[in-house]
2 protein chains.
Amino acid sequence: VCNGARALAIDVGGSHATCAVVADQQILASESLPIPDAGAFGGFLPGLAESLNALLKRCGLTPPECAGVAVSFPGIVDPFSGRIFATPKGKYDDSSTLDLRAWSQERFGLPLRIENDARMALLGEWHAGAAQGFDDVVMVTLGTGVGGAAMMQGRLLRGKHFQGGCLGGHLPARFDGRECICGNIGCVEAEASTWSLPGICRSWPGFAASALARELTLDFAALFRRSGAGDAVARQIRDRCLHVWAAGAVGLVHAYDPELLVFGGSVMKSADQILPFLADYTGAHAWTPWGKVQLRAAQLGPDAALLGAIPLLRETC
Amino acid sequence: VCNGARALAIDVGGSHATCAVVADQQILASESLPIPDAGAFGGFLPGLAESLNALLKRCGLTPPECAGVAVSFPGIVDPFSGRIFATPKGKYDDSSTLDLRAWSQERFGLPLRIENDARMALLGEWHAGAAQGFDDVVMVTLGTGVGGAAMMQGRLLRGKHFQGGCLGGHLPARFDGRECICGNIGCVEAEASTWSLPGICRSWPGFAASALARELTLDFAALFRRSGAGDAVARQIRDRCLHVWAAGAVGLVHAYDPELLVFGGSVMKSADQILPFLADYTGAHAWTPWGKVQLRAAQLGPDAALLGAIPLLRETC
């Protein structure tokens, strides 16, 4: 990053995008925009440019004072060519045809890089959050699905087809388990995530008569609340989910040899009921003759993907 | 590798070591030596030096005509410092105190590098065997245990503590499954490997009355023979093991994003009963929007670790 440590950042979500101006470890200004037509992304680009220009103005900055544009995207992308290979189902179907680098040059005169949102969150936590000072880190997001990213020796793991490290939620937890939306069987995500939880609950013996069955929304907040209140079925399901995540955590340690696991995502609102179990389990079951892997909660929440902008733009090919 | 593509190679096994002189993709001469006292490795070094010198003589070569000494070792090692961190249980306990680089300089005037045996096998298959032409490869060895190694974009994956990519057999296949010798639960290796097979068989419903129970040695040769002959229990256990390996293969694809999986190890004597199933399963269940991962049998057998010598010595730090 030649022009000082400032950047424009865009975090594209499922139904909205956040635009920001960042300076090193800080967000100077940001704005969240709804994405009006989730089917197409191209039509939304003028709105993003307008927002970024307004934010720059608010900060008293101009594009040449920024090192580039960093985009966090929920899909499989090539950070250096800017190409988008895979998008969330039914969303942004035009993405693969867009030349985002040309758009950035034209609108801002700046280089652009794009990266998968889970990798951006890891970069952000590494640069400004829970993973500062560690160069071998796996991040896990427990949420609607189970996402993740891996950094080894200070570099993001990407792989031949840019999938490397991003499918940690799709390591098997039970080879003969539940079908996953990815096409695999028994993935960590299929066995314990927000989308899979209602199905797991409904097929649990004794569920219908349990207190948990009276919850309108079968999410982890409800599960932890009901298990905390002593509901036996809720406790069994909670314990099973914790074991699935813990086994997945050991798998990630065995796969990527990290010093640190960082856990983020909406489910981590109940971190105090999750992290101690995962730390005990990995301490007991991960084969790490060198010592113990640390486990930490993510610190930056949704800001992480924006704060990944500087390290992304700083990366050499 | 400056001095042409010749090297001295040592493949250390559990009870013997193979010494060789290799030239690029070829083994010019080799010799297998029993390791008399498996508790200590240092006392065995003079014998290795003697053997390598005899092999050099047989080839009409001198040490300066070789690029270095490459050691394949069954443990966790630092290839560049030559340090050994972990050895097989009860074996070579003196290894961590040895300065193998100094030994090599003293005896041959050559640099030495050491690498884990599974990584060496992958390097060999990459340089001269089944993985030629691929730079993103995971190797799996199905044998006493389930071993492995991963190469991403032409470089071995090593990780912070030199464990990266080597514990593919210790990704979970069943989070609530059998105890593994590594300390974890439900590893691929615990659910389907030569050491775990007898225990799996004995706890299988109906085993005692099955034809399989009449086998003196409960290994995969016996399992495939009995299942081929129609024994129902043998078929059930075979199918279960195939599913475990297949789930493990999908896990490796999801972890490392390879183009190619190479399967080696003693169990692959029954490759024709294993590979087609694994290829069908990964084709159906691995999430690879870019295309299909190829699966191949290893080609070099025990020579692979020796033929990894040239690429190991060629590697830059």
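Labels below follow one simple rule: chain letters A, B, ... track the order of the sequence lines, proteins then strands, and each chain is numbered from 1. It should be emphasised that the depicted structure is a prediction, and the values quoted were computed from it without experimental measurement.
Nearest heavy-atom pair across B/I274 and B/V267 is CD1-O, 3.6 Å. Heavy atoms only, all atoms of each residue included: A/L275 and A/L295 are closest at CD2-CB, 4.2 Å. The two residues B/S203 and B/R178 come nearest to each other via the heavy atoms OG-NH1, 3.3 Å. For the pair B/G148 and B/A118, the tightest heavy-atom approach, listed with the atom from each and the gap, is O-CB, 3.2 Å. Pairing each heavy atom of B/S193 with each of B/F220, the nearest pair is C-CE1, 3.4 Å.
Interface remark: of the candidates B/L157, B/D135, B/V188, B/L157 forms the most heavy-atom pairs closer than 4.5 Å to chain A.
For A/A286, no part sits under 4.5 Å from any heavy atom of chain B, backbone or side chain.
Note on residues 279-291 of chain A: no pairs pass salt bridge (Lys or Arg N to Asp or Glu O under 4.0 Å), not counting sequence neighbours.
To the nearest 0.5 Å, atoms CZ (A/R113) and CE (A/M120) are separated by 11.0 Å. Remark: B/L278 CG to B/L142 CG distance equals 7.5 Å, nearest 0.5 Å. Summarising the geometry, atom CZ belonging to B/R155 is positioned 13.0 Å from atom CG belonging to B/D136; distances are rounded to the nearest 0.5 Å. Between A/T282 atom OG1 and B/N184 atom CG the span is 10.5 Å, to the nearest 0.5 Å. Atom SG of B/C187 and atom CG of B/L171 lie 8.0 Å apart (nearest 0.5 Å). Residue B/H127 holds its NE2 atom at 5.5 Å from CZ of B/R314, rounded to the nearest 0.5 Å.
Using a 4.5 Å cut-off between non-hydrogen atoms, the part of residues 160-167 of chain B that approaches chain A consists of B/K160, B/H161, B/F162, B/Q163, B/G164, B/G165, B/L167. Within residues 246-263 of chain B, the residues approaching chain A closer than 4.5 Å by heavy atoms are, in numerical order, B/A247, B/V250, B/G251, B/H254, B/A255, B/Y256, B/D257, B/P258, B/E259. Residue-level contacts of residues 232-243 of chain A with chain B, in order of numbering, are A/R240, A/H243; threshold 4.5 Å between heavy atoms.
Classified by interplanar angle (parallel below 30°, tilted 30° to 60°, perpendicular above 60°), the ring pair B/F41/B/F73 is perpendicular.
Side-chain contact between A/P79 and A/R119 is absent, with no heavy-atom pair separated by less than 4.5 Å.
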